[in-house]
A.B. asks: 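Structure incoming, see below.
The structure presented is a predicted model; accordingly, all values stated were derived computationally and were not measured. In what follows, every chain begins at residue 1, and chains take the letters A, B, ... in the order their sequences are listed.
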Amino acid sequence: MKSNYLSEEKGRGGKEFVDPQRIIRDKFQQVRWQEPLVYDIGRPGERGVLLDSAEPEIVDELGEDITNIVPEKMLRKEAPRLPEVGQARVVKHFTRLSEQMSSEDSTICFPLGTCTMKYNPKIHERFVNMPQFTELHPRQDESTVQGVLEIMYKMQEYLKALSGLGAVSLQPACGSQGVFSNARILRAYQEDRGLGLDKKDEIISTVFSHPCNPATPAMSGYKVITLYPDETGYPNIEKFKAAISERTAGMIICCPDDTGIFNPDIAEINRAVHEAGGLTILDSANANGYFGWARAKESGFDMTHWNLHKSFASPHGGAGPGAGPIAVREDLAQYLPVPTVEYDGDKYYLNYDLPKSIGKIRSFYGNIGVVIRSFAWVTSLGKEGMREVTNTAVLNSNYLRTFLEALPGIEVGFDMPQRLHEIRYSLDKIYQDTGFDSDLITQRLNDFGIGGSFTSHHPMIVPNPITPEPTETYSKEEIDEYAAAMKEIVRECYEEPELIEHAPNNCSFPNITEEMANPERQAPCRSVFERVHKGEVK
Amino acid sequence: MKKLGFIVNPFAGIGGSVALKGSDGDEIVEKALALGAVQKAPTRAVQALEELKPYKDSFVFITCHGDMGENEAVAAGFDPQIIGDELGERTKAQDTCNAALKMEEENVDLILFAGGDGTARDIYDTIGTRIPVVGIPAGTKMHSAIYASSPKAAGSLCAMYLNDIVKRTTELEVMDIDEDAFRKGKVIAKLYGALKVPNEPNLTQGMKSGGHASDDSAYLDGISDYVVDDMKEDTLYIIGSGTTCQPVMDKLGLENTLLGVDVVQNKRLLAKDVTENQLKEIVKDKKAIIYVTPIGGQGYIFGRGNQQLSGEVIRMVGTDNVRIIATPSKINSLPKHQLRVDTGDVEVDEMLKGPKRVICNRAEISILDIV
Amino acid sequence: MQNSNKNPVYPYMPNTLPEVRQEMLDRVGIKSVDELFAHIPEEIRFGDKPLPLPERMASEQALSRYITGILKKNKTCDDYISFLGGGVAQHYIPAVCDAMVQKGEFLTTFMGHYCVDSGKYQVWWEFQSLICDLTGMEMMGWPAQEGATSSWSAILTAARVNSGRKEAVVAGNIDPDKLRNIKEVCRAKLDIKVSKIDEKTGLVDMDDYLSLINENTAVVYFENPTFLGGIEDRGEEIAKYAHEKGAYVVVYVDPISLGLLETPKNYGANVVCGELQSLGIRMQYGGGMSGFVATPYEDKWIVEYPFLALSRYKTVEEGEFGYASMNYETVSYNKRENAGDVTSTCSALWSVAVACYLTLLGPDGLREVGETMAYKAAYAKKKLGELDKVDILFDSKSLKEFTVNFDKSGKTVKEINEALMERGIFGGHDLSEGFPQFGQSALYCVTECRTKEEIDYLVESLQEVLK
């Protein structure tokens with residue numbers, strides 16, 4: 001069925017718009033519960049749940065006086081001031097609050113560039129809520145956890161296939177832990193060759209890397225050299241060569257990066273770093289733009305890490321738990337965090353015998369629930385499906401582009417014409433004309449049921465940026481709806497500015513005041529809040 | 001055929017090489033000349049005109065007497081039409097204004113002028129945005145965005161406009177330093193007005209903005225640590241002007257001139273607010289390192305407020321011993337993240353061009369192109 | 001009837017439908033998606049090679065069978081009676097906690113504007129507040145990845161506040177993996193001195209610990225209860241001495257203990273940190289962990305606080321309050337010093353579980369569950385101690401864990417645990433490698449989940465095994 005909501009009007013490049021009047025949800029209203037704080041519900045004596053007590057025989061045997069078994073001076077004298085609420089009211093409290101948020105499950109689409117918001121398949125939740133997983137203690141004998149070890153091992157194999165690299169660790173719990181691990185491995189490798197910080201203390205990165213890319217190597221003692229892009233949107237090879245010297249230990253970059261650009265010189269750049277004796281690290285945060293089309297190995301990278309809670313369909317949970325597994329060249333496997341998961345043909349086991357390992361990045365083995373979901377996801381897609389993910393994501397992004405570029409005042413940032421799964425646009429012209437910056441403009445999207453928007457990491461190179469990423473799970477209709485909403489919003493910027501000024505207007509909470517900037521009026525907890533607002537709280 | 005009006009402020013930038021900031025006011029001009037300052041504006045004006053030479057038969061060239069245009073035009077090989085009265089030896093702001101008015105009466109299509117912020121203010125006061133202008137940078141405190149990035153660029157832009165290659169114009173800022181703030185140690189450029197300029201962004205300067213002190217304190221701290229920790233015994237450290245250089249002097253506990261150039265040796269102040277000649281004496285046959293910072297919003301590391309660091313001084317120190325410091329927010333304010341140089345010595349400019357390391361923090365470096 | 005549509009169908013990717021694909025290609029102006037990747041240089045382009053992955057498992061039924069089949073190979077703490085502890089333990093998870101954490105809204109939310117996601121921010125702020133009330137501290141932000149992260153984050157934070165000092169004193173009776181982690185992460189900034197363990201109590205050797213504190217000490221760290229199980233009751237003495245020397249005190253707790261046991265704030269701690277798994281998070285093979293760092297609400301601590309924190313503010317509507325980040329600038333300011341980027345993913349979903357748990361139990365419920373554990377653990381300790389060939393190694397009191405020594409039996413912990421497994425029991429965690437000075441010892445953990453029958457069965461089984 002062809003789209004029946006393209007308008008008669010045409011925009012730049014002769015492209016039709018999507019007619020907002022036919023499809024945007026302009027009566028969208030978010031629930032507003034005015035739900036009090038958990039402290040302000042219930043009353044003393046109420047209880048949400050009762051648990052077991054120690055059996056009377058036990059108490060008899062030890063004596064009712066608890067100071068027999070716990071030092072008296074260690075008993076808490078004053079009870080902590082926690083809420084006392086009956087169970088139903090607790091359920092209502094948290095349920096109401098859950099209705100006052102945007103989520104991938106409900107929002108029309110979630111154009112958050114580099115966060116790769118995609119549908120989190122419900123079948124995965126069935127797996128991770130099985131007691132055969134949730135009731136596993138990490139210190140259990142390996143013979144009892146063969147199932148989870150099998151999944152971990154096979155996930156490692158998947159990641160080897162997707163990167164072309166020889167060894168994987170699932171331990172890092174998020175992207176920055178992944179980068180951190182790779183930086184540590186880099187340092188261990190160089191030190192092993194007698195090229196420690198006294199000889200090689202520089203790492204090259206670009207300004208588009210996630211802020212953790214420079215920050216985490218700096219923690220390992222490296223200096224970071226940041227390259228700025230040309231007008232194309234990426235630094236040309238000469239800039240890389242100017243940054244490379246005998247002090248170069250390695251390079252960390254994102255390719256494709258947050259602007260959606262795949263640096264065509266990447267193989268040559270990696271060769272240049274290798275010639276100088278450095279290792280090259282790929283930040284695969286934007287893997288959604290490369291599955292099946294490029295791999296770390298062929299592009300010339302020695303190490304990489306992914307964000308499973310982004311590209312691999314594991315839910316974001318607000319801000320985690322996530323997973324940032326790493327893959328490294330075969331010869332770097334000796335440095336991986338312990339333990340690695342191995343298979344001896346007969347059983348799976350945890351290998352702690354890595355004398356040159358960089359140690360543990362976190363307790364135990366990683367965020368395994370995230371790993372299980374990702375494993376199920378890759379399994380359900382297989383070799384053809386994984387490439388289809390990127391094909392669809394990149395086409396979605398370029399399809400959306402035809403609508404956004406047709407709007408007055410929106411331009412793709414930088415000159416490189418080919419873009420992949422996400423694209424950075426500039427709304428600077430609208431800002432120059434109307435004074436509304438891209439943050440404010442995208443806040444208005446929430447009034448149409450469209451989730452949060454990503455502008456850019458700091459520093460903001462493109463002025464007034466937005467970076468939508470319509471992942472492969474969004475339908476054409478949803479992308480059209482987003483495009484229609486943007487068209488409507490651009491019109492409002494010029495013709496009905498009052499709708500933009502205090503956006504979002506239809507959401508759960510009214511806007512906060514300038515108090516936000518006043519350190520004297522801040523309060524991270526109840527007791528500080530009560531002090532600060534003495535007498536003002538109802 | 002288009003008509004070009006050409007005005008030179010012959011005393012623009014006279015204070016620069018003798019560490020007198022600016023050239024506003026007759027006393028400054030006298031003082032500068034007494035200190036042995038050489039006029040720079042006329043030379044720069046000629047440099048700009050060189051770019052127009054290939055087209056000299058395709059437009060009408062109108063200018064003022066003597067050093068306010070005639071001499072430069074003739075030196076560049078033009079045969080100009082002279083208007084207005086004969087001028088005295090020391091021309092003043094009023095002369096600039098008169099000239100502009102005269103040119104408006106002559107219906108010129110474009111005014112090409114050489115000067116600094118003061119000159120831009122005078123032109124603005126007189127013709128506002130009624131006639132498009134191209135500015136040849138020749139002053140000291142060059143905050144105004146209207147100036148082209150170099151005399152050559154000014155000439156090119158002018159040529160393109162006269163030949164209809166560049167047709168659009170845009171309005172760009174005319175600034176001057178907020179004198180009150182400057183006395184309190186802050187470089188804040190005050191917006192004074194706007195002039196209409198042909199729109200070819202590559203060739204104009206961008207607006208200088210005052211230092212972003214509040215966001216940058218961590219980086220400034222890191223930069224100063226780097227610079228101070230790196231100081232070697234007996235080496236001379238020439239610390240340039242600008243808000244990024246100030247924390248370096250603060251860390252050493254030394255007095256600092258915000259708009260001037262200071263020399264440090266063995267972590268002690270060797271010379272304060274030096275002139276070009278003084279610098280030449282100090283660095284002769286000695287090892288020296290120059291620390292400069294780009295003027296935020298424009299990207300000039302030489303040629304806009306630190307004319308004491310002339311081409312010759314840089315030659316003596318060696319271009320390899322020029323080090324650049326800048327915070328990320330300053331880098332971000334630079335058009336296309338590029339650095340620019342305009343030492344007055346074309347050869348030195350060429351030697352400085354290319355990718356260069358910029359120190360941003362204790363352990364952070366950026367690589368930017370000097371263009 | 002077979003599906004006559006030859007094109008593969010992808011339930012998660014509606015735009016793979018041929019007519020939709022065509023419409024989109026037409027609008028973009030290309031013939032095939034391949035053109036979108038043509039700019040990737042041929043030498044590195046993977047395009048025509050198949051990925052070395054298996055064929056897709058298209059049917060959800062097949063996927064379900066496959067994955068649940070693999071997971072069913074596991075044997076869990078529901079199948080065995082578990083006495084495993086050491087940072088993670090099987091606690092009772094109230095049904096409401098499960099329900100909330102599995103809600104699609106909480107599970108699949110991400111970075112929304114403060115006005116749009118006010119529900120999420122309110123839960124997070126309530127979480128901050130509950131931890132503050134639990135610990136008595138007043139500055140609290142996002143949760144850390146897990147307890148070990150919170151340990152070194154807290155140590156580094158206190159060191160930054162005490163800038164200039166370059167040493168830290170760390171108790172020796174902590175998880176050896178965590179100790180290694182602390183040493184590695186802090187090595188650039190601090191010289192870590194590790195104290196001896198008192199062989200009688202399993203607590204820190206007080207003389208040794210205090211002797212390591214001097215004018216160069218930025219921070220001292222100990223855990224309560226300790227990894228080996230004992231409740232440290234000399235915290236006041238340690239804090240007094242440390243403060244006299246100008247050092248800050250960081251104490252790591254098991255927060256489920258704070259209903260029954262005193263919060264470190266009340267015996268002199270400057271920073272309280274810990275592992276939140278015991279407050280309503282399922283174990284998930286070590287994937288269900290979350291940490292916290294709580295400090296005083298004073299400028300010098302706020303400026304160095306290592307994570308993003310939410311604040312509650314007035315809105316434009318009288319009487320209604322909203323939430324927004326309170327320290328973005330200062331954390332960004334510090335971010336070069338910290339391992340985790342401020343916008344880094346952490347363990348936010350679990351804060352929902354923790355907020356639910358603390359609300360459901362309330363102060364009385366938390367005290368009761370503490371009592372229950374203390375009794376059951378003490379009972380187990382007593383009964384095991386009565387076995388010959390078994391020694392309860394330390395005479396310190398326990399909340400839920402204690403150390404059992406088997407040297408007299410001549411058997412290794414490994415052998416004993418294998419035999420216990422045959423009887424359906426997960427014996428205590430083997431400490432012989434991490435703490436060789438204590439011979440063949442194991443860490444036994446008894447939570448509110450262990451019944452008297454199960455404990456009696458353990459005692460019986462051990463008696464058999466050690467014959």
A.B. asks: What's the verdict on side-chain hydrogen bond (donor to acceptor under 3.5 Å, both in side chains) for A/Gln177 and C/Gln145, showing C-alpha distance, side-chain angles and the deciding distance?
C.D. replies: CA-CA 10 Å; A/Gln177 278 198 353; C/Gln145 298 288 353; 5.1 Å; no

A.B. asks: Please classify the contact between C/Tyr10 and chain A as side chain, backbone, both or neither, with a heavy-atom cut-off of under 4.5 Å.
C.D. replies: side chain

A.B. asks: Top residue by heavy-atom pair count (under 4.5 Å) with chain C, among A/Gln140, A/Met386, A/Lys118?
C.D. replies: A/Gln140

A.B. asks: Count the heavy-atom pairs under 4.5 Å between each of A/Ser299, A/Ala79, A/Gly359, A/Gly322 and chain C, then report the option with the highest count.
C.D. replies: A/Ser299

A.B. asks: Between A/Met130 and chain C, with a heavy-atom cut-off of 4.5 Å, which part of the residue counts as in contact: side chain, backbone, both or neither?
C.D. replies: side chain

A.B. asks: Picking from C/Asp177, C/Leu261, C/Val33, C/Val352, which has the most non-hydrogen pairs under 4.5 angstrom with chain A?
C.D. replies: C/Leu261

A.B. asks: If we define contacts as heavy-atom pairs under 4.5 Å, which of C/Pro54, C/Ala95, C/Ser351, C/Ala38 has the most with chain A?
C.D. replies: C/Pro54

A.B. asks: Quick one: do the A/Asn129 and C/Gln102 side chains pair a donor with an acceptor below 3.5 Å?
C.D. replies: yes

A.B. asks: Looking at C/Glu55 and A/Lys383, is there a salt bridge between them, counting it only when a charged N and a carboxylate O are closer than 4.0 Å?
C.D. replies: yes

A.B. asks: What part of A/Val148 gets within 4.5 angstrom of chain C, counting heavy atoms only: side chain, backbone, both, or neither?
C.D. replies: both

A.B. asks: Sort C/Tyr92 into side chain, backbone, both or neither according to what part of it lies under 4.5 angstrom from a heavy atom of chain A.
C.D. replies: side chain

A.B. asks: Please classify the contact of C/Asp175 with chain A as side chain, backbone, both or neither, using a heavy-atom distance under 4.5 Å.
C.D. replies: side chain

A.B. asks: Hey, which of C/Leu63, C/Val123, C/Ile40 has the most heavy atom pairs under 4.5 Å with chain A?
C.D. replies: C/Leu63

A.B. asks: Heavy-atom distances under 4.5 Å only: say whether C/Glu184 touches chain A with side chain, backbone, both or neither.
C.D. replies: side chain

A.B. asks: Output, in order, the C-alpha distance, side-chain angles, deciding distance and verdict of side-chain hydrogen bond (donor to acceptor under 3.5 Å, both in side chains) for C/Glu126 and C/Gln122.
C.D. replies: CA-CA 6 Å; C/Glu126 289 176 351; C/Gln122 182 167 338; 3.1 Å; yes

A.B. asks: With chain C as the partner, which of A/Tyr119, A/Phe262, A/Tyr474 has the greatest number of non-hydrogen pairs under 4.5 Å?
C.D. replies: A/Phe262

A.B. asks: What residue in C/Leu258, C/Leu358, C/Leu25 has the most heavy-atom pairs under 4.5 Å with chain A?
C.D. replies: C/Leu258

A.B. asks: Among A/Ser380, A/Ala54, A/Pro80, A/Pro83, which residue has the highest count of heavy-atom pairs closer than 4.5 Å to chain C?
C.D. replies: A/Ser380

A.B. asks: Ring-plane angle category for A/Phe375 and A/Tyr158, please: parallel below 30°, perpendicular beyond 60°, tilted otherwise.
C.D. replies: parallel

A.B. asks: Would you say A/Glu104 and A/His316 are linked by a side-chain donor-acceptor pair, where the criterion is simply a distance under 3.5 Å?
C.D. replies: no

A.B. asks: Report yes or no: is the cationic atom of A/Arg526 (NZ for Lys, CZ for Arg) under 6.0 Å from the centre of the six-membered ring of A/Tyr39, at an angle within 45° of the ring normal?
C.D. replies: yes

A.B. asks: Is it the case that over 12 heavy atoms from other parts of the model lie below 6.0 angstrom from the CZ atom of A/Arg126?
C.D. replies: no

A.B. asks: Name the orientation class of the two ring planes belonging to C/Trp125 and A/Phe529 (parallel below 30°, tilted from 30 to 60°, perpendicular beyond 60°).
C.D. replies: perpendicular

A.B. asks: With a 4.5 angstrom heavy-atom cut-off, is it the side chain or the backbone of C/Phe426 that approaches chain A, or both, or neither?
C.D. replies: side chain

A.B. asks: Under 3.5 Å, is there a donor on one side chain and an acceptor on the other for A/Thr392 and C/Asn15?
C.D. replies: no

A.B. asks: Less than 4.5 Å to any heavy atom of chain C: does that hold for the side chain of A/Asn398, its backbone, both, or neither?
C.D. replies: both

A.B. asks: Is A/Ser106 in contact with chain C via its backbone, its side chain, both, or neither, using a 4.5 Å heavy-atom distance?
C.D. replies: neither

A.B. asks: Side chain from CB out, backbone as N, CA, C, O: work out which of these in A/Tyr365 comes under 4.5 Å of a heavy atom of chain C, or both, or neither.
C.D. replies: side chain

A.B. asks: Can you say whether A/Leu51 sits under 4.5 Å from chain C via the side chain, the backbone, both, or neither, judging by heavy atoms?
C.D. replies: side chain

A.B. asks: For chain A, which of C/Ala374, C/Pro94, C/Ala148, C/Ser64 has the most heavy-atom pairs under 4.5 Å?
C.D. replies: C/Ser64

A.B. asks: Salt bridge or not between A/Glu150 and C/Lys73? Use side-chain N to carboxylate O under 4.0 Å.
C.D. replies: yes

A.B. asks: Quick one: do C/Glu448 and C/Lys376 make a salt bridge, cutoff under 4.0 Å?
C.D. replies: no

A.B. asks: Tell me, for C/Arg27 versus chain A, whether the close heavy atoms (under 4.5 Å) come from the side chain, the backbone, both or neither.
C.D. replies: both

A.B. asks: Tell me, side chain or backbone of C/Arg180 under 4.5 Å from chain A's heavy atoms, or both, or neither?
C.D. replies: neither

A.B. asks: Think A/Arg387 forms a cation-pi with A/Trp293, using NZ or CZ under 6.0 Å from the six-ring centre and within 45 degrees of its axis?
C.D. replies: yes

A.B. asks: Of the backbone (N, CA, C, O) and the side chain (C-beta and beyond), which part of C/Glu418 lies under 4.5 Å from a heavy atom of chain A, both, or neither?
C.D. replies: neither

A.B. asks: Select, from C/Val20, C/Asp233, C/Asn74, the one with the greatest count of heavy-atom pairs under 4.5 Å involving chain A.
C.D. replies: C/Asn74

A.B. asks: For C/Lys120, is it the side chain, the backbone, both or neither that has a heavy atom under 4.5 Å from a heavy atom of chain A?
C.D. replies: both

A.B. asks: Name the region of C/Met13, side chain, backbone, both or neither, that has any atom closer than 4.5 Å to a heavy atom of chain A.
C.D. replies: both

A.B. asks: Answer with side chain, backbone, both or neither: which region of C/Pro41 has an atom nearer than 4.5 Å to a non-hydrogen atom of chain A?
C.D. replies: side chain

A.B. asks: Looking at C/Asp98 and C/Arg282, is any side-chain nitrogen of the basic one under 4.0 Å from a carboxylate oxygen of the acidic one?
C.D. replies: yes

A.B. asks: I'd like to know if C/Arg56 and A/Glu384 make a salt bridge, using a cut-off of under 4.0 Å between side-chain N and carboxylate O.
C.D. replies: no

A.B. asks: Does any backbone or side-chain atom of C/Val28 lie under 4.5 Å from a heavy atom of chain A? Answer side chain, backbone, both or neither.
C.D. replies: both

A.B. asks: Name all residues meeting the salt bridge (Lys or Arg N to Asp or Glu O under 4.0 Å) criterion together with C/Glu105; count only those two or more places apart in sequence or in a different chain, and write none if there are none.
C.D. replies: none

A.B. asks: Keeping the roles fixed (side chain from A/His137, backbone from C/Val88), state whether a donor-acceptor pair exists under 3.5 Å.
C.D. replies: yes

A.B. asks: I'd like to verify something: which residue of A/Ile266, A/Val128, A/Val389, A/Val370 has the highest number of heavy-atom pairs under 4.5 Å with chain C?
C.D. replies: A/Val389

A.B. asks: Do the side chains of A/Arg96 and A/Glu99 get close enough for a salt bridge, i.e. N-O under 4.0 angstrom?
C.D. replies: no

A.B. asks: Taking side chain as everything from C-beta outward and backbone as N, CA, C, O, which of these in C/Glu146 sits under 4.5 Å from a heavy atom of chain A? Side chain, backbone, both or neither.
C.D. replies: side chain

A.B. asks: Check each atom of C/Ala355 against the heavy atoms of chain A and say whether the ones under 4.5 Å are side chain, backbone, both or neither.
C.D. replies: both

A.B. asks: Counting heavy-atom pairs under 4.5 Å with chain C, which one of A/Leu162, A/Val85, A/Thr95, A/Val378 comes out on top?
C.D. replies: A/Thr95

